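Below is one structure; the comments refer to it alone.
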Amino acid sequence: MVPVNGAVQKGKETANDIADWLWVVIQGDFATEPSTAQVVTGTVVSMIPLVDQICDVRDICANCKKINEDDSNPWAWVGLILTLIGLFPVLGSLFKGIFKVLLAPIRRFMMRPLSKAGKFSGSLIYKAVEPAIEQGIKELNKFLGRPAVKKLIRKEASGNVYRWSAKQLRSLKAKVNKTQILTVFDEHIGYLKETVEFVQKYGSSGIGKKAADILKVVVDIRNRANRRLGEFLAPVQDFLERLAIRLDAEGGYKAVTNLTNVANFRKVHTDGEVQLIKISSPKWVDVTRRIKYPKVEECPKIPKGYPNISDKGKGPLWKKFNTFHDMKAVELKQGTSLYRVVDPTSNDNSICWMRASEYLKLKKREDWRRRFAVWASWNSNGEVVHYIVPKGGMKVWEGKAASQILENSKGQIQTANGRGAMYVLEGGGKQIVLDPAQLIKSRVKPRRKTGWGYGSDLKGLENTDMVGVPTLKQNWYK
C-alpha cells in the first residue's frame, strides 16, 4: 500500500511499485481495510492483474496461513469455508455485498484464539462468535442505509430486505457442498498464481520468493482440504441457518405507527422474539416442563361494577381472566398508588397495573419480565406511569400473574428440546387488571423513566436505539 501511495502521489506508477503493493496484500492481513484497493487509481489499476479478485485472494491467504499454523484448529477451517462460500458465483451483487458485510467481523473474530472444547456444531459456532454477529448486524444496518445500496435494494430485493436476505442465505446454504467449495478454491488459487507471477517478474527477488512461499502454503492447504472439508460442512450449514434466523429476527422489527411522533421506535414482532429466544434464551426465560403458576381455567362470576374479564368482555378486557394464576375482586381505596411499566408506544390508559409495593420490589427490567410474565414483543419497557385512585375508589381484579408459555404468532407453543421442555416466564407477581374507561386522565402523573433503560432484553438487542424517539410523552387512547 505504501509504495503505491507514493507512486500515485509522484505520478510514477511502476510495475515494481505495484508488485510491492501486491505483496503487502497477499500476505493475508485481515486488519487491512477493504478500501485499500481503492487507493490504486489511474494507470495503476489497469496494470494490476485481477484487481477485482485481489482482496478475495488476500482473505484466502489469511485463512490458509492460520490453518498452516495449526491444522487441528476447527475455527481456521470454518473461517476458510465461510470465505469461500462468500465467493460462490451464484450470489447476486446485492446479496454478495450483504453477505460480505455481515461476515467480515465474524471471520476476523475467528482469527482469534478460540476454544476447541465440546462437540463442534452450528450452535457452538454461533454462540462463540455471537458478539461478532451482532457487530455484523450493526455494520449491515449502516450498509443498507447507504443511498446507492437503497437503490440496489429497490432493484433486486422484494419486500423486507432482511427477510429477503435470510431467504437468499438459505438458498446459498443449500448449495454448500465439497465440490462447490473446492471449485471456488481452485479458481482463486489460479488468481493467486497469476498475482505471484507478477510479483516475481516485477518485484525484488526477496519478495518474489516470499510470495512463492505463500502460494505453496495455500496449495498445500488446498490438498489437505480434500480430506478435511467434509467434517465441517454440516456445522457450517447449521450455522448459516442460525444466521438466517437472526436476519429474520432483524426483519421482524417494525416501525410502530400508532403515533406519528414515535415512528422511529422499533419493537420486535412475536416471531422475531421466538427466533431470538431459540438462539439464545435470556436469563429471565426458563426452559422447563414445569409451570409454576398455571393460569385460571374458568372465569369467576363477575360482581356488579367490576371489569368484565370473561369471554364475554369487550376490547382489551376480553378473556383477561386467563392472565391470572389466582384472582379476587378488590375495591381500591381513594389515594391508592398504581404503577404501570410502559414503552414509548404504550398507552397510559390500559388494563395492567400493580401496587406501589410491587413496583418497588423490581430492581431491574429482568425482574419485571419474569415476575409479571411480559414478553419483549408485548412491551419494550423503559418508562413508568403513576396513577392515583380518585374519590370513590375503583373496582379491580387482583392476583398473581400466571406463567406465560412462549407461542408464535399462530398460537403454537414453542418447545425447547425433544423432552417436552418449553420457554416459560415464571409469573407470580401481584398484578391488577382494571377497566381503562374508569381512568381519569388528570389523575395520571407525568411519565418518568424506570432507570432500567429502554430495551427488549433479547441477546444483541438489549438496548433500543432511542435517537429521534420522543420519550416521557403521555399516550392516551381514545
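Keep in mind that the numbers below use all heavy atoms, side chains included, and drop hydrogens, waters and symmetry copies. Note that the coordinates shown come from a computational prediction; the quantities given were computed from them, not determined experimentally.
At least one side-chain heavy atom of Ile125 sits under 4.5 Å from a side-chain heavy atom of Pro235. In this structure the side chain of Ile302 reaches within 4.5 angstrom of the side chain of Ile309, judged on heavy atoms. Contact check for Val161 versus Ser165: side-chain heavy atoms found under the 4.5 Å cut-off. No side-chain heavy atom of Trp375 sits less than 4.5 Å from a side-chain heavy atom of Arg369. With contacts defined as side-chain heavy-atom distances shorter than 4.5 Å, the pair Asp71/Arg224 qualifies. Between Met110 and Leu82, some side-chain heavy-atom pair lies under the 4.5 Å cut-off. Side-chain contact between Lys150 and Leu144: absent, with no pair of heavy atoms (C-beta onward) separated by less than 4.5 Å. In this structure the side chain of Val184 reaches within 4.5 angstrom of the side chain of Pro89, judged on heavy atoms.
Between the side chain of His325 and the main chain of Pro294, a donor-acceptor pair closer than 3.5 Å is present. Panel note: side chain Asp326, backbone Gly399; no donor-acceptor pair is recorded below 3.5 Å. Judged by distance alone, with hydrogens and angles left aside, the side-chain atoms of Arg365 form a donor-acceptor pair with the main-chain N or O of Trp452 at under 3.5 Å. Checked by atom type and distance alone, the side chain of Trp476 never pairs as donor or acceptor with a backbone atom of Asn349 at under 3.5 Å. Remark: side-chain polar atoms of Tyr387 are paired, donor with acceptor, to backbone N or O of Ile440 under 3.5 angstrom. At least one donor-acceptor pair under 3.5 Å links the side chain of Thr183 to the backbone N or O of Thr179. The backbone N or O of Tyr293 lies less than 3.5 Å from a partner atom in the side chain of Ser403, making a donor-acceptor pair. Under a 3.5 Å cut-off, the side chain of Asp367 and the backbone N or O of Lys364 do form a donor-acceptor pair. Side chain of Glu273 to backbone of Ser377: a donor-acceptor contact under 3.5 angstrom is found.
Among the candidates Ile245, Val274, Ile133, the single residue satisfying the side chain to side chain contact (heavy atoms under 4.5 Å, CB included) test with Ile279 is Ile245. For the side-chain hydrogen bond (donor to acceptor under 3.5 Å, both in side chains) with Asp248, the qualifying choice from Arg163, Lys167, Arg170 is Arg170, the only one to do so.
Inspection of the Thr83 and Asp59 side chains reveals no N or O donor paired with an N or O acceptor under 3.5 Å. Side-chain atoms of Lys400 and Gln431 form no donor-acceptor pair, as typed in the model, at a separation below 3.5 Å. Using modelled atom types, one finds no donor on one side chain facing an acceptor on the other under 3.5 Å when comparing Ser357 with Lys361. No hydrogens or angles considered: a donor-acceptor pair under 3.5 Å links the side chains of Glu139 and Gln135. A side-chain N or O of Arg222 and one of Asn226 form a donor-acceptor pair less than 3.5 Å apart. In the model, Ser346 has a side-chain atom that pairs as donor or acceptor with a side-chain atom of Asp343 under 3.5 Å. If you check the side chains of Asn347 and Arg340, you find no donor sitting under 3.5 Å from an acceptor. Residues Asp286 and Thr288 have side chains that never bring a donor and an acceptor to within less than 3.5 angstrom of each other. At a cut-off of 3.5 Å, with distance as the only test, no side-chain donor of Glu383 or Thr450 sits close to an acceptor on the other residue.
The pair Glu241-Lys173 meets the salt-bridge criterion, with a side-chain N (NZ, NE, NH1 or NH2) lying under 4.0 Å from an Asp/Glu carboxylate O. One finds no salt bridge joining Arg371 and Glu426 here, because no Lys/Arg side-chain nitrogen approaches an Asp/Glu carboxylate oxygen to under 4.0 Å. Salt bridge absent: Lys445 and Asp348 never bring a charged side-chain N and a carboxylate O closer than 4.0 Å.
Expressed to the nearest 0.5 Å, how far CG of Asn308 lies from CZ of Phe321 amounts to 10.5 Å. Rounded to the nearest 0.5 Å, atoms CD1 (Ile221) and SG (Cys61) are 11.0 Å apart. Remark: Ser337 OG to Leu332 CG distance equals 10.5 Å, nearest 0.5 Å.
A cation-pi arrangement is not found for Arg370 relative to Trp284, the charged atom failing to lie both closer than 6.0 Å to the ring centre and inside a 45° cone about the ring normal.
Taking the six-membered ring where tryptophan is involved, the planes of Phe95 and Trp164 are perpendicular, since the angle between them exceeds 60° and thus also 30°.
More than 12 heavy-atom neighbours from other residues, nucleotides or ligands sit within 6.0 angstrom of CZ on Arg443.
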